[in-house]
J.: 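Take this structure first; my questions come after.
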Amino acid sequence: MILSEHPPNATPRRLWVAASLILIGLLMALGGLFWVVYKDWRDEQRDGLIQELLWLDQSLRLHLENHQQSVEAMQLDMPLTRTQSRRFFAAAALLQRESKEIEAVQWVGPRGAVLLDAQKRTGLQLGGDAYDALWRAERLGRSAYSPPYLGPDGKYRFDLAVPVFESGRYLGGLRLVYRMDLLLQYQVPWWLATKYHISLVDLGGKALASKFDQASPVGTLSHELSFDPPGYGVSLRAITYRAGVGFSLPVLSLLIGLLVVALLFALWRIRGQVRVRARAERALQHEMSLRRSVEDSMKSGLIAFAGNGQILRVNRAMSELTGLSADELVGQQLPYSFWAEEDYPLLMQAMQAMLAGQLPEHGFELPFRHRDGEKVEVRLYATPLLLEGGRHDGWVASMYDITELKKKRVALDESHRRFLAVLNGLESGLCVIDGDTRQLLYANPAFAAGWASFAVDGSYCPLMPGLLGDAHATAANLECSPDSGRSWFQLQYRRIDWVGGEPAWLCMLLDVTDARARAERELAQEERFQTTSRLIAMGEMASSLAHELNQPLTAISTYAAGLARKLPAEQAQARGVGEAVQAIADQARRAGQIVNSIRAFVKKHAPQLELSDPDLAVRRVLALAQPMADKHGVRLVLEPARGSLRVEMDPVLIEQVLLNLIKNAIEAMREAGSVRPTIHLRSATGKQFWRVEVSDNGPGLQDGVKENLFTPFYSTKTDGMGIGLNICRSIVEFHRGEFGVSTPLAGGCVFWFTLPVFVPQG
């Protein structure tokens, strides 16, 4: 147990005075507590009284409003003659049976004469206070209450009057007479009456009626609410019957008083014990001072831990080691303030091992952090802290600074690591080979990863055999591939002097795979550029040729038309000259269409949308493609759609799409050597779209080809540019259509596209 190092500042007399003052303060606090409890109790009683009185007021108000609604509903069905009074008596009897506080229900004429009475009394004439409610109801034109008035039996009453009008003429009214004492007797719940004295009072505080005929309690809590209806200054008042705090508070006060007396007796007994303890502490303080001097004279840091790791005591050397005073160190829990956050795992592991009794022979080597932030390396030795009777109460540890010794060792290790880090961080492969034995001395990870991933810690280099043919060479550059051409490396090596002056070879391995691939791509791009240039030249030549042929073809057509007009009809019909001339004109026009189509293929054509017959465009394309099909022995089969329709399109562009699809199908079947090659050109008409399909019985499309079919510049033809299908799809999508391809189960390939059908508006 660790005792205080300083002598006690307070004498037993001072402690006694302090205890007495504390006791006086306790009594004052208890008195204040009793006052607060009593005040809270009063406030709680008042709040409960107000809430329950509000509830009662609301209940009485709703009760009277229900009566008012019932009477207003009853006056709508009110008989105008005495001979029709059965319904009045039935409704009045029901109302009095359900509400016993209603003393009378009457039908009163315009001048105060009672026409009908629930008790069937006759000859009654109302006046004074009894007629006040009816007078108010007639003037106001709505239901009204009368002020409270005193009845013949000395009980206060008030009336409710509901006027009856017909075509603006006052016919009389219905009158209810309430006894105020019966209203409280039947409408105030018993549980509320047992707690409060409930009464109705006027403006002067005079009680008009009460729940029970007894005097109001005096000196207790009370509260009043305006009782409206009927109003006229009448208030609903509630007074509590009992205001005492009960039996519990005095008993509790007596018990606390007994406890205070017992506390005074205990303090008197403690006074003697405090004097004995003070003498023992002074003797122990002398011994602690001597022990402290011995500990502070040591150069090694000492620290005492409790069983849970709490610091109990440190010496001066420990304070100098951490830069913290003894007051700052004593009492700290794990983790300590002289630990760096990044070293928490290592330090916690060492502390847990020490607290568990796992003490290594050479101690623990731990990093501490000085107050100024500098790291301090220490070696720590620990031993159990045993108290009287051999009871284990913690650990005592001694430590000394090994920072300088470790810096020298770390500097040497860091120099070696820096050298390896530089070599291992190179992206180029690097290795060192013994100049005589050709054994591998060093290889960085990039070298091993680049060359078939051989082990860098092995003793064999796979590059040297056969590469160093000239024993007197000092440097060389080679290119080689370890995986049959998939990757290429450039090997640069030269002679160097290794550690100790031994001859060695320094080999650097550079990955040139991307460079070779880039060169190959540039070569292929150059070849494709040459092909594209030739195609452009051919397109320009075809455009020029089409332009030059237009004029001769136009002249042929014109001359044929002129000849047909000048040729006599008898000669034209007799020898068939007219048919020949007409054939010349038709063929000239057909040649002109072919020339214009070819010119449109090679020249940029702006879309010109117009309402056209799509089947006519299909037939023109079929006529253009027929010579190519006949040349390669391909049969063209047209399956036109039924019915006629109009599509908003550019006929030339759509014909180009169809002609390109037919041409691709012919070339695919020709290259595959299909038996009986046939192309079906089908068109179909729907409600919203016109669909055309170009199907063949060729080899079809493979999965890899189908996935890259619309990739720009991807082509399966040796002379293809890979942009034809993309252009076709762009043309169809410009026409707000869809373009696609499918592979039937029977084989072959089907290219299709759809165009929206023109629907006239209105």
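In this text the structure is predicted, and so the values were computed from the model without any measurement.
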J.: To the nearest 0.5 angstrom, please state how far the CG atom of Leu334 sits from the CE atom of Met348.
T.: 5.0 Å
J.: Are Phe368 and Glu377 close enough that some pair of their side-chain heavy atoms sits under 4.5 Å apart?
T.: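 Answer no - side chains too far apart.
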J.: Please report the interatomic distance CD(Gln51) to NE2(His223), rounded to the nearest 0.5 Å.
T.: 11.0 Å
J.: To the closest 0.5 Å, what do you measure between CE (Met318) and OG (Ser398)?
T.: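 Here the rounded value is 11.0 Å.
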J.: Should the heavy atoms of other residues, nucleotides or ligands under 6.0 Å from CD of Gln349 be counted, would the total exceed 12?
T.: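 At most 12 heavy atoms, drawn from other residues, nucleotides or ligands, come within 6.0 Å of this atom.
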J.: What's the spacing between Ile496 CD1 and Leu506 CG if we round to 0.5 Å?
T.: 4.5 Å
J.: Using only atom types and a distance under 3.5 Å, with no angle test, would you say the side chain of Lys206 pairs donor to acceptor with the backbone of Val201?
T.: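 No; zero donor-acceptor contacts below 3.5 Å.
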J.: Search all heavy atoms of Ile198 against all heavy atoms of Leu56 and return the closest pair with its distance.
T.: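 Nearest heavy atoms, Ile198 then Leu56: CG2-CD2, 3.7 Å.
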J.: Taking Val234's backbone N and O only, do any of them form a donor-acceptor pair with Asp202's side chain (distance below 3.5 Å, no angle check)?
T.: no
J.: Test side chain to side chain contact (heavy atoms under 4.5 Å, CB included) on Met28 and Ile24 and set out the steps.
T.: CA-CA 6 Å; Met28 295 177 64; Ile24 294 173; 4.2 Å; yes
J.: Using distance alone, with no hydrogens and no angle criterion, decide if Glu328 and Ser337 have a side-chain donor and acceptor under 3.5 Å apart.
T.: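 Glu328 vs Ser337: no donor-acceptor pair found between side chains.
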J.: Indicate the atoms forming the closest heavy-atom contact of Ala326 with Ser319, along with that distance.
T.: N-OG, 3.7 Å
J.: Does the salt bridge (Lys or Arg N to Asp or Glu O under 4.0 Å) test come out yes or no for Asp343 and Lys375, once each step is laid out?
T.: CA-CA 11 Å; Asp343 298 327; Lys375 284 289 188 70; 3.1 Å; yes
J.: Are the side chains of Leu60 and Leu236 in touch, meaning some heavy atoms are under 4.5 Å apart?
T.: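 Contact flag for Leu60/Leu236 side chains = yes.
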J.: Do Leu347 and Leu366 have side chains that get closer than 4.5 Å, going by heavy atoms?
T.: yes
J.: Aromatic rings Phe338 and Tyr336: how do their planes relate, parallel, tilted or perpendicular, breaks at 30° and 60°?
T.: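 Taking Tyr336 first and then Phe338, their aromatic rings lie parallel (interplane angle under 30°).
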J.: Taking all non-hydrogen atoms of both residues, which atom of Ser222 and which atom of Arg46 are closest, and how far apart?
T.: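 What the structure gives for the nearest pair is O-NH1, 3.9 Å.
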J.: Walk me through whether Gln310 and Phe305 qualify under side chain to side chain contact (heavy atoms under 4.5 Å, CB included).
T.: CA-CA 5 Å; Gln310 181 183 5; Phe305 302 99; over 6 Å; no
J.: Which heavy atom in Leu184 sits nearest to a heavy atom in Ser199, and how many Å separate them?
T.: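 In this case the closest contact between Leu184 and Ser199 is CD1-CA, 3.9 Å.
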J.: Could you grab the distance from atom CD of Glu224 to atom CD1 of Ile50, nearest 0.5 Å is fine?
T.: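 That separation rounds to 12.0 Å.
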J.: Between Cys507 and Ile433, is any pair of side-chain heavy atoms under 4.5 Å apart?
T.: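 Counting from C-beta outward, Cys507 and Ile433 do come under 4.5 Å.
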J.: Before you tell me yes or no, could you show the steps for Met508 and Arg494 under side chain to side chain contact (heavy atoms under 4.5 Å, CB included), namely the whole-Å CA-CA distance, both residues' side-chain angles and the distance that decides it to 0.1 Å?
T.: CA-CA 9 Å; Met508 182 176 295; Arg494 66 181 59 193; over 6 Å; no
J.: Over all heavy atoms of both residues, which pair between Arg61 and Pro229 is shortest? Give the atoms and the distance, please.
T.: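 Minimum heavy-atom contact is CG-CD, 4.0 Å.
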J.: What distance do Leu321 atom CG and Asn315 atom CG have between them, rounded to the nearest 0.5 Å?
T.: 9.5 Å
J.: Taking the side chain as everything from C-beta on, heavy atoms only, tell me whether Trp505 gets closer than 4.5 Å to Arg495.
T.: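 SC-SC contact between Trp505 and Arg495 confirmed.
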J.: Any chance CD of Gln333 has more than 12 other-residue heavy atoms, nucleotides or ligands included, within less than 6.0 Å?
T.: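 More than 12 heavy atoms, drawn from other residues, nucleotides or ligands, come within 6.0 Å of this atom.
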J.: Find out whether Pro189 and Trp55 are in side-chain contact, i.e. whether some heavy atom of one side chain is under 4.5 Å from a heavy atom of the other.
T.: yes
J.: Taking atom CD of Glu44 as the centre, report whether more than 12 heavy atoms of other residues, nucleotides or ligands fall under 6.0 Å from it.
T.: no
J.: Side chains of Ser235 and Phe227: does their closest heavy-atom pair fall under 4.5 Å?
T.: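 In short, these two side chains do not touch, never coming nearer than 4.5 Å.
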J.: Under a 4.5 Å cut-off applied to non-hydrogen side-chain atoms, are Tyr196 and Glu52 in contact?
T.: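 Yes, at least one pair of side-chain atoms sits under 4.5 Å.
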J.: Would you indicate whether Trp190, at its atom CH2, is surrounded by more than 12 heavy atoms from other residues, nucleotides or ligands within a distance under 6.0 Å?
T.: no
J.: Might you point out which heavy atoms bring Leu53 and Ala238 nearest each other, and give the distance in Å?
T.: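 Heavy atoms of Leu53 and Ala238 come nearest at CD1-CB, 3.7 Å.
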